[in-house]
Amino acid sequence: MLKQRLIELLTQAAGEAQQMGKLPSIALPEVTIERPQNPEYGDYASSFPLKLARSVGVSPLTIANDIVELTTPGPEIDTITVAPPGFINFTLKSDWLTNQIDSILAAGNAYGNAVLGQGSRVQVEFVSVNPTGPLHVGHGRGAILGSTLGNVLASAGYDVEKEYYINDTGNQVDAFYRSLNARYQQCLNIDAEMPSDGYFGSYMVELAKEIAAEEGDRFLTIPEQEAISQLGQLGLEKMINQIKSDLELLGVSFDVWFSERSLYDNEQYQTAMSLLRQADYIREKEGATWFVSTALGEDKDNVVLRSDGSPTYFASDIAYHYNKFIERKFDRVINIWGADHQGHISRMKAVVGALGVNPERLEVIISQMVTLRRGNELIRISKRSGDIITLREVIDEVGVDACRFFFLSRSADSQMDFDLELAKRESADNPVYYVQYAHARIASILRLAQQRGVNYEDGDVSLLSKEPELILIRKMLLLPEIIEIVANTLEPHHLTYYAQDLATVFHSFYKQCRVISRNEALTKARLKLVEAAKVVLAKTLQLMGMAAPEKM
RNA sequence: GCGCCUAUAGCUCAGCGGACAGAGCAUCGGUCUUCGGAACCGAGGGUCGUGGGUUCGAAUCCCUCUAGGCGCGCCA
């Protein structure tokens, strides 16, 4: 990538300056290259001399001049200039810029891909909602975050596996089973009482009705414990399928659906525990079994086995992470959790460390709360009690692409209001349509060219020299950097801003430069440009999981 | 009490050590005899929550305080 080459260029020049005695022989700070926001400062800039001046005691301007004198720029660089108080600014040659159009067209859908990951295996685990109820908007946020991150990491050269962890055992599942049984009996006119810790949402009634309709009253004829278990498993399976189809609707897919229960069925839980026990991180006290996280700097220990001998969710998580790192040997594991799991991060990292794995290999992204509202009316999204607005209803109301874009456009760190009224009102005037419109517009131009039988394969891109053309190319060349940034920071929201910028620059170009005109040579050149822009736009939309429509 | 997140233009949010702080929406004013006006061009609008500190340089880093959110279960 060009940025990398500029870094090398400056590093080398600084090294030479040292050899010539123009700079003292000290360890040089890392060369950084920025994108100046003001185009007057060129395409790239470095504040390296300013940083260096501190330790060297030489004026930054002098350093900048010395370094620039020693650079031997490649064919892509037009000018390297020094600007006060000590910046080095680079501008790109316009014929190099225009040549990139051919590279983009040649790369096609692979444009922007990187080799950052070098094929290392990264797991992204997300959503992983208890299958005791339907998904709501908050879950949608995590889902979109995860699937987009998966796309970007794959494009950055990682071997990505997306995974949904199914909590199919434990207290909450048990409560779900008993609730379903009660609702089922009620369906069949039996005066059953809902458990106090049960799930009271109306979806449970619907679920029970569905099962009663399909299975009749056969669960009444077997022992109740047996019935609860069979009925529960059936209900759970249905809930999982519903979750699966809701996610599919959102364009979110998984490579693996991982069962929590399987950790106990195949002894991985026992293996993980004995590993920790050997390392002396497991102790018995107060009748329960604890993970001694205080030994690892945590402020308290955590129960893994209750006094009744049943494992906590934390026990499962220990086994699960043992499985991720040691059984399946992922190089990196990324977990996306809701803000309410924040406190779980440090002890999970402690566990990973205790298992002998570098805790840095576990990265947790916390997505902050989403509150759903309709105008001023707050809508509760608690699954436990009462009714909720499901993710599906929200998608039906505002549309998949708008939904994805909306969730993606805010950083995971900041909480957000999802105002249904606003989302619908804005949907006609939504940034996502603005971006998609640019794509459709290009498609329409290319259709016209085809109708007129214009073959532009031999178009000469060096004819492109107008400002709007070059600005568009410059913006297209930013995508690889965006992909790299998102892959490194795990912050996909940058994509939405880039998409809007790219669309803006295209629309502006479109207004100022007629593509298909009487000037045949220019027409061909511009068709190439426009097709390349379509490639970049489509790639950006694809990474975000959104449609790139030919017409709309 | 402790931990994490947030506070930037009227609204929703980017920017997170560098050059005059940006975008969308909203407001106001312009642009249509040609490829899709779901478009384009322009204007106004900000002591970057408060007070300190570090630095040649701070919205960005450190500390104080204020406000809001989420945690601190033998729930997940």
Side-chain angles (χ1 to χ4, degrees), chain A residues 32 34 36-38 40-41 45-48 50-51 53-54 59-60 83-87 89 128-130 132 167 170-173 175 197 260 286-290 299-300 302-317 337-346 366-369 371 384 406 409-417 419 422 425-426 428-431 433-438 440-449 451-452 489 491 493-494 496-498 500-501 503-504 506-518 523 526-527 530 551-552:
Chain A
T32 55
E34 298 112 46
Q37 64 278 45
N38 186 335
E40 277 174 31
Y41 298 130
S46 179
S47 57
F48 179 62
L50 287 162
K51 293 193 169 69
R54 188 178 331 192
S59 112
F87 290 99
N89 296 330
S128 300
V129 176
N130 268 354
T132 51
N167 303 107
N171 283 343
Q172 298 196 1
V173 170
D197 61 345
E260 176 183 1
E286 296 161 29
T289 304
W290 300 69
D299 49 10
K300 58 192 183 65
N302 300 92
V303 172
V304 283
L305 287 180
R306 304 186 182 92
S307 356
D308 67 1
S310 65
T312 62
Y313 85 104
F314 184 53
S316 299
D317 262 1
W337 292 344
D340 51 343
H341 288 63
Q342 170 65 237
H344 192 43
I345 298 177
S346 63
I366 291 298
S367 84
Q368 293 296 323
M369 293 289 151
T371 51
R384 202 104 193 189
F406 183 75
S409 60
R410 279 134 177 97
S411 85
D413 285 335
S414 51
Q415 50 199 57
M416 57 192 272
D417 274 6
D419 184 342
L422 196 72
R425 180 153 26 100
E426 283 186 354
D429 194 23
N430 198 294
Y433 299 118
Y434 178 81
V435 176
Q436 290 178 322
Y437 179 67
R441 217 176 198 185
I442 294 173
S444 146
I445 296 170
L446 296 178
R447 275 196 300 273
L448 181 69
Q451 266 170 37
R452 298 201 181 162
T489 62
E491 291 174 347
H493 66 271
H494 300 293
T496 62
Y497 289 87
Y498 173 69
Q500 282 184 87
D501 282 354
T504 297
F506 169 75
H507 285 308
S508 177
F509 154 82
Y510 175 86
K511 201 71 182 180
Q512 295 173 74
C513 303
R514 174 144 187 115
V515 177
I516 298 173
S517 67
R518 289 210 176 79
T523 296
R526 284 186 174 161
L527 280 169
V530 150
K551 289 180 181 175
M552 55 192 284

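Here is the naming used below: chain letters follow the sequence lines, and residue numbers restart at 1 for every chain.
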Using a cut-off of 4.0 Å on non-hydrogen atoms, how would the nucleic acid contact of [X] be classed: base, sugar-phosphate, or nothing?
X: A:Ala438; value: nothing
X: A:His344; value: nothing
X: A:Ser414; value: sugar-phosphate
X: A:Ser307; value: base
X: A:Tyr434; value: sugar-phosphate
X: A:Lys300; value: sugar-phosphate
X: A:Ser411; value: sugar-phosphate
X: A:Leu448; value: sugar-phosphate
X: A:Ala45; value: base
X: A:Gln512; value: nothing

query = Which one, B:A76, B:C74, B:U6, comes nearest to the side chain of A:Asn171?
reply = B:A76
task = Name the orientation class of the two ring planes belonging to A:His493 and A:Tyr497 (parallel below 30°, tilted from 30 to 60°, perpendicular beyond 60°).
result =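 A:His493 and A:Tyr497: perpendicular rings.
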ask   = Can you say whether the rings of A:His344 and A:His341 are parallel (under 30°), tilted (30 to 60°) or perpendicular (over 60°)?
value = perpendicular
query = Mind checking who B:C25 pairs with, Watson-Crick or G-U wobble, both distances under 3.5 Å?
reply = B:G10
request  = Return the stacking result for B:A19 and A:Phe87: yes when the ring centres lie under 5.5 Å apart and the planes under 30°, no otherwise.
outcome  =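 So yes, this residue stacks on that base, both cut-offs being met.
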query = Are the ring of A:Tyr497 and the six-membered base ring of B:A14 within the stacking cut-offs of under 5.5 Å and under 30°?
reply =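 Here the ring of A:Tyr497 and the base of B:A14 are not stacked, as the 5.5 Å and 30° limits are not both satisfied.
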